[in-house]
There are 2 protein chains.
Amino acid sequence: MNLNKNSKRRKELVAIAARLFCDQGYESTTVRMLADAMGIKSGSLFHHFSDKQEILYAVIESGMLHAMEIARQTLASARTSKEKLHALARAHLSTLLEDRDAHVVAIYEWRSLTQESRDLLVELRDAYETSWREVISECHEAGLIKGDQGLQRRLALGALNWTVQWYHPDGELTPDDLAQELVAMVLREPSAV
Amino acid sequence: MNLNKNSKRRKELVAIAARLFCDQGYESTTVRMLADAMGIKSGSLFHHFSDKQEILYAVIESGMLHAMEIARQTLASARTSKEKLHALARAHLSTLLEDRDAHVVAIYEWRSLTQESRDLLVELRDAYETSWREVISECHEAGLIKGDQGLQRRLALGALNWTVQWYHPDGELTPDDLAQELVAMVLREPSAV
DNA sequence: GACGATAACTAGCGCTTGCTTGGTTTTATG
DNA sequence: CATAAAACCAAGCAAGCGCTAGTTATCGTC
């Protein structure tokens, strides 16, 4: 089996798997379907991945790493704590759209990961959410908002994650509108949309 | 096959199926597992349901019907539009907790329904969301809030539905705390928690 | 106590699943 | 241009899948 996790070929395969897992679900996607979509035979799949679950892990991990990178970049150019909150919301929506397949899979197929894989990914997610924790904490220190920070963070992230259920970027609402409205809700400011 | 959809026995079986589907996912739950948990043999399952997918449909339908009933009751005793919004949020959280299995299944296993089943359940869900549409519209007419009503409804329902991911009622936060905070966010009032 | 209806059982069919094996072709590198 | 590594293929195994067919127990009703 090829162990090079950063090979270009592997990334292609992971993206293809993400699409199938997103469209039909992990359990309903067979290794034969995956292989067909990848243009190889099902046996060849196991040259790239040790088993089917590892493909799922790779899909979710790639989505999370990408999300963290985008958040880091977007956050870099934000000054005030309100700007930072907006930056996080905007970055979150960006990855949810750009990398939709992987994130839908992360949300829906968590259960199919082995415990070991789950533990690894929980670490990644916690690292990501730390940015949110810090920024919301800043908003509190700046006096922009009061109350339970953990609750506010979870309600906000919930509202954002749920957008994969209904949001299509070809409508009237832009991702920026969504981010604006969410920040307004969290900071209890009048709606700007 | 037994066609009586309201039999007590069938409701028991549906509740058991809900638990297994919630814990392991629809595709990963075999008819043999279901039958074991029900205390019958796998063949006997098909005396009660025509196929596996019908069990999934029954689980989700029961959760939705229950949610609508709770919402109807809770709404009846609310007077002001703010009270109504709180009532809806509280009712939503109640069913999410009381009937957690069914709602988790509804969220995660939607994809495994046949198109026909999905269409039927979409009608139910739309009927339910109409309550939300009406109440949020009332809040706007009362001048409590401005902006895009559909966006606000979706962000609110998203935040609520996402609670199944993290909320455990044995912590410090009560469901009422959650409802209060959500209403405060939607109506842009200071946090009360 | 015979009857129909309900609910359960036994046995297994036909097919699909994830994965393995053993060997061949392609690609990259010194 | 020789060689190793990477990529692929054809074939198939063992296990498990949803579901069916035919049969037997249980129960209220006349």
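In what follows, chains carry the letters A, B, and so on, assigned in the order in which the sequence lines appear, proteins first and then strands, with residues in each chain numbered from 1. Reckoned from all heavy atoms, side chains included, excluding hydrogens, waters and symmetry mates.
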[X] side chain: which of [options] is closest?
| X | options | value |
| --- | --- | --- |
| B:K41 | C:dG18, C:dC9, D:dT20 | C:dC9 |
| A:H47 | D:dA6, C:dA7, C:dG18 | D:dA6 |
| B:H48 | D:dC8, D:dC17, C:dA7 | C:dA7 |
| A:T30 | D:dC17, C:dT20, C:dT17 | C:dT17 |
| A:I40 | C:dC19, D:dG18, D:dC8 | D:dC8 |

Quiz item: With sugar-phosphate meaning primed atoms plus P, OP1 and OP2, does B:S28 contact a base, only sugar-phosphate, or nothing at under 4.0 Å between heavy atoms?
Solution: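 No contact.
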Between [atom2] on [N] and [atom1] on [X], what's the gap in Å once rounded to a whole number?
| X | N | atom1 | atom2 | result |
| --- | --- | --- | --- | --- |
| B:Q53 | D:dC19 | CD | C1' | 15 Å |
| B:F49 | C:dA7 | CZ | P | 11 Å |
| A:E27 | C:dT16 | CD | P | 18 Å |
| B:F46 | C:dC13 | CZ | C1' | 14 Å |
| B:M38 | C:dA7 | CE | C1' | 14 Å |
| A:L34 | C:dT16 | CG | C1' | 15 Å |
| A:L45 | D:dA10 | CG | P | 15 Å |

Quiz item: Out of curiosity, B:Y167 OH to B:R100 CZ, how far, rounded to the nearest 0.5 Å?
Solution: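 The CZ atom of B:R100 is 12.0 Å from OH of B:Y167, to the nearest 0.5 Å.
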Quiz item: When the nearest nucleotide of DNA chain C is assigned to B:S42 and to B:L13 on a heavy-atom basis, which residue is associated with the more 5' position?
Solution: B:L13
Practice problem: For A:G43 and for A:M33, locate the closest nucleotide of DNA chain C by heavy-atom distance; then report the residue assigned to the nucleotide nearer the 5' terminus. | Solution: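 First, find each residue's nearest nucleotide; the 5'-ward one identifies A:M33.
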Quiz item: Taking the six-membered ring for Trp, are B:H92 and B:W132 parallel (under 30°), tilted (30 to 60°) or perpendicular (over 60°)?
Solution: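 B:H92 vs B:W132 ring planes: perpendicular.
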Quiz item: Between the side-chain atoms of B:R32 and the base atoms of D:dG16, is any donor-acceptor pair under 3.5 Å?
Solution: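 There is none.
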Self-check item: B:E172, CD atom: more than 12 neighbouring heavy atoms under 6.0 Å
Solution: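 Incorrect, the count does not exceed 12.
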Practice problem: Decide if atom NZ of B:K82 counts as having more than 12 heavy atoms of other residues, nucleotides or ligands within a radius under 6.0 Å. | Solution: no
Quiz item: Hey, is the side chain of A:S44 poking within less than 4.0 Å of OP1 or OP2 on D:dC9, counting only N and O atoms?
Solution: yes
Exercise. Report yes if at least one side-chain N or O of A:K52 is closer than 4.0 Å to OP1 or OP2 of C:dG18; otherwise report no.
Key: yes
Practice problem: Decide whether B:S50 and B:E54 meet the rule of one side-chain donor and one side-chain acceptor closer than 3.5 Å. | Solution: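 Yes, side-chain donor-acceptor contact under 3.5 Å.
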